[in-house]
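Both backbone and side-chain heavy atoms feed into the values below; hydrogens, waters and symmetry mates do not. In what follows, every chain begins at residue 1, and chains take the letters A, B, ... in the order their sequences are listed. No experiment lies behind these values; they were computed from the predicted model shown.
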Amino acid sequence: MLPGLLGKKIGMTHLFTSEGKMAPVTVIQAGPVYVTQIKTEDKDGYEAIQVGFEEISDKHLSFPKYGHLKKAGVQKNLRTIREFRVETQPGVELGQEIGVDIFAEGEVVTVTGTSKGKGFQGGVKRYHFKGQHMTHGYMTHRRPLSSGATGPQRVFKGTRKPGRMGTDTVTQKGLKVIKIDAERNLILVDGSVPGPNGALVVINKVTR
Amino acid sequence: MSKQMILTSVAEPHIKADLPDICPGDTVKVHVKVREGGKERVQVYEGVCIAVKHGGIAKTVTIRKISNAVGVERTFPVHSPMVEKFEVTRKGKVRRAKLYYLRGKVGKDARIKEKR
């Protein structure tokens, strides 16, 4: 089967475990995805399965994407198209619908998403700089101060400075699947996943 | 179906339908399941409800009592399977939603009028 699925983060809520403990869970709408292209070593240089996710209306579908989906025989307008690298072809067909039932309850998965954007932030928030004293006569409080030694007469590349923070690709590992709702294609994982509600996430199986 | 509706429907099977109406100021008996050495029994905890925090499945009540001259507060998630049932033994008449001021009071000062 496919090594992962595309999904949409719905939000977080609580559930009770069998021991009666309250657990935070994230609800992800995972799939259904449709196979749009099968890439092979001979033709494309590597093995992969390309899938599309999330239906949209006709007016939001670009013409090149329309042609690509038509070629694959998918009768849906799909917003997102991503591919999963595989070592051996799992035996899926073009246009095949794949749902959340590729995962099992109790399985451990990784979830990749884009973290929330924080805008332009200073060094204290962005890199956990200590900052200076708030009192005792200090007149600077949250400035980055020294940028390095005076010897090289320049600032090294990669020196941590204030700047744009967030919207990074973040992978959350070791998330346990609490529950699967195959009817509505919902997957409930223990704990939080990156990104705002409604954002695209990629759920991957742990291979080893 | 909106995102909020999906979240509500996910939590819905865990929500208890037959809960009594617990308000701040009420004296409440809580029947809690206790696990000791593989065995399970029910313990009753009685005190005054000093706070109710809403939030669907995450709703909690904070119950305060004086035990051996020591103030004890326990916060129960009301929909938890570890709480067997709630019993409201006395309705209190209070003018505040959170009765945290009771923490500084003992004996006669900590009395609450009964609602009639």
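Counting non-hydrogen atoms of other residues, nucleotides and ligands closer than 6.0 Å to CD of A:Glu183 gives a total of 12 or fewer. With a 6.0 Å radius and a threshold of 12 heavy atoms from other residues, nucleotides or ligands, A:Lys71 has its NZ atom at or below the threshold. Counted within 6.0 Å of CZ on B:Arg96, heavy atoms from surrounding residues, nucleotides or ligands total 12 or fewer; the atom is thus considered open. When the shell of 6.0 Å around NZ of A:Lys65 is examined, it contains more than 12 heavy atoms from other residues, nucleotides or ligands. Within 6.0 Å of the CZ atom in B:Arg95, the count of heavy atoms belonging to other residues, nucleotides or ligands does not exceed 12. Shown here is A:Lys161, whose NZ atom has more than 12 heavy atoms of other residues, nucleotides or ligands within 6.0 Å.
With rounding to the nearest 0.5 Å, the separation of OG in B:Ser2 from CD1 in A:Ile10 is 9.0 Å. Rounded to the nearest 0.5 angstrom, B:Leu7 CG and A:Asn197 CG are separated by 7.0 Å. Distance check, rounded to the nearest 0.5 Å: NE2 of A:His14 to NE2 of B:His14 gives 12.5 Å.
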For this session: Show your working on side chain to side chain contact (heavy atoms under 4.5 Å, CB included) between A:Glu19 and B:Arg35 and close with a plain yes or no.
Result: CA-CA 10 Å; A:Glu19 292 100 59; B:Arg35 263 185 209 138; 4.2 Å; yes

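Two residues are said to be in side-chain contact when any heavy atoms from C-beta on lie closer than 4.5 Å; A:Met22 and B:His79 fail this criterion.
Taking all atoms of both residues into account, the shortest heavy-atom contact from B:Ala11 to A:Thr13 is CB-OG1, 4.0 Å. Looking at every heavy atom in both residues, B:Ser80 comes nearest to A:Gly20 through OG-O, 3.6 Å.
Residue A:Lys21 does not touch chain B at all, counting heavy-atom pairs closer than 4.5 Å.
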